[in-house]
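Atoms within each ligand, like the ligands themselves, are counted from 1 in listed order. Computed from a prediction, not measured in an experiment: that's the story for all the values here.
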Amino acid sequence: MHYLDANATEPLRPEARDAIAAALAVTGNPSSVHGAGRAARRIMEDARESVAARFGGRAPDLVFTSGGTEADALAIHALGAGRRVIAGATEHDAVRAAAPGAAILPVDRRGVADLDALAALLATGPPALVCLMLANNETGVLQPVAEAAALCRRHGARLHVDAVQAAGRMALDFAALGADAMAISSHKLGGPAGIGALLLAPDVSPIAPLIAGGGQERGRRGGTPAVAAIAGFAAAADAAGDASALAPLRDAAEAAAVACGALVCGADAPRLPNTTCLALPGVRADAQVIALDLAGVAVSAGAACSSGKVAASHVLQAMGLGPLAGEAIRVSLPWRAAWADVEAFADAYRKTAAALRCARRDTPGRQTPGRQAG
Ligand code: PLP
């Protein structure tokens with residue numbers, strides 16, 4: 001199997017596997033005062049230092065969570081209290097579900113947020129919390145987050161950045177971004193799933209927890225911490241440089257698909273180096289995913305983190321791509337991708353496009369696509 005679905009989850013890095021195994025050998029609750037507890041706490045606090053430093057934050061301002069979804073929800077809960085929420089039109093469901101009444105910040109055809117629209121939204125109404133993702137999970141399109149942060153400061157608004165897909169794939173410095181909060185997730189950078197973090201600006205703490213429990217994480221997130229997962233997260237974050245070496249492979253995969261008639265969604269925007277979103281006009285996305293899977297290539301379609309959910313991609317719809325929103329697949333190269341994966345994809349795509357185009361001539365009409373994880 002050629003695994004090209006890294007934006008759903010990255011393969012576990014060996015450094016993370018080793019760190020998890022070492023931490024699992026330590027028995028102790030980090031809240032306990034005895035030596036065993038202190039040993040567990042040391043693993044956790046070393047990891048906190050290392051993850052915070054890796055992404056331009058301060059250790060005391062980093063809250064470990066169960067992943068990106070919880071980090072987004074915590075940010076919106078804590079920073080959005082008493083504020084109206086403005087969310088980018090292409091935000092992940094983790095943000096959309098946590099801010100159901102949010103005003104929507106439109107994007108252009110490239111998928112890039114309209115900063116004039118943001119300025120207009122901020123100019124009227126009570127203080128806001130703006131949610132703007134750094135890199136989109138479906139298209140890889142990058143948002144002008146630093147510019148948005150400057151606008152937010154000017155208008156007394158707060159900014160939460162979902163950097164789940166960006167962390168480990170591009171240079172990322174929380175302090176330099178000028179945001180108030182930033183969500184990251186371990187399994188998108190080669191660590192285990194089920195662990196992530198929210199980085200807070202120094203002046204934002206203390207925050208109200210979503211889960212109060214026993215007051216762990218300085219009262220910001222209750223529950224006994226997952227020490228082994230935290231250790232694996234830190235090791236993966238350390239090992240993940242950026243994904244720039246994947247750009248030539250991504251470009252080659254893209255070129256092969258374009259030669260078969262595919263369109264690249266968000267092609268003219270700055271994008272993550274490992275991601276491409278390829279629409280094949282007139283061919284359902286789920287049919288493409290299934291055909292590629294049968295050919296031994298794992299990619300995904302549409303959007304959404306739950307299995308069996310069927311709906312068109314809100315990201316591609318927001319970009320004004322109309323029916324193409326149901327005809328696009330996402331190819332996202334993992335950290336360990338090799339040229340053999342790209343060659344396998346190109347070969348499988350050529351056969352898939354040819355076969356499905358013939359099938360489409362037999363059964364015309366467009367239908368709703370399946371959706372993807374992550
Ligand atoms: N934000 C983005 C942009 C994502 O792509 C995802 C997961 O796919 C999440 C948040 C949720 O992260 P997690 O799977 O760690 O809950």
Exercise for the section: List every atom of ligand 1 that sits less than 4.0 Å from any heavy atom of Lys188, numbering the atoms from 1 in the order shown and giving each element. Expected result: 6 (C), 7 (C), 8 (O)

Handout entry: Enumerated ligand 1 atoms positioned under 4.0 Å from heavy atoms of Met133
Key = 3 (C)

Problem - Atom indices of ligand 1, in the order listed, that fall short of 4.0 Å to a heavy atom of His187 - result: 13 (P), 14 (O), 15 (O)

Exercise for the section: Would you check if the side chain of Glu138 reaches a backbone N or O of Arg330 as a donor-acceptor pair within less than 3.5 Å? Expected result: no

Exercise for the section: Would you mind telling me which of Arg96, His160, His92 makes a side-chain hydrogen bond (donor to acceptor under 3.5 Å, both in side chains) with Asp72? Expected result: His160

Handout entry: Within reach of ligand 1, part of Asp72 (heavy-atom separation under 4.0 Å)
Key = side chain

Exercise for the section: Could you tell me whether the side chain of His155 and the main chain of Ala157 form a donor-acceptor pair under 3.5 Å? Expected result: no

Fill in the blank from the handout: Ala167 and Ile184 have their tightest heavy-atom pair at CB-CG2, 3.7 Å

Exercise for the section: Check each atom of ligand 1 against the heavy atoms of Gly67 and keep those under 4.0 Å away; list them by number with element. Expected result: 15 (O)

Exercise for the section: Just go through Val95, Asp162, Asn136 and tell me whose heavy atom is the nearest to atom 3 (C) of ligand 1. Expected result: Asp162

Exercise for the section: Can you see which heavy atom on Phe55 is nearest to which on Ala237, and at what distance? Expected result: CE1-CB, 3.9 Å

Problem - Proximal ligand 1 atoms for Asn137, defined as those under 4.0 Å from one of its heavy atoms - result: 3 (C), 5 (O)

Exercise for the section: Tell me which part of Thr69 gets within contact of ligand 1: side chain, backbone, both or neither, using heavy atoms under 4.0 Å. Expected result: both

Practice task
Check each atom of ligand 1 against the heavy atoms of Ser185 and keep those under 4.0 Å away; list them by number with element.
Solution key: 13 (P), 15 (O)

Problem - Shortest reach to atom 12 (O) of ligand 1 by a heavy atom, considering only Ser332, Gly68, Gly194 - result: Gly68

Problem - Arg84 CZ: over 12 foreign heavy atoms closer than 6.0 Å - result: yes

Exercise for the section: Determine yes or no for a side-chain-to-main-chain donor-acceptor pair under 3.5 angstrom, with Arg271 supplying the side chain and Val141 the backbone. Expected result: no

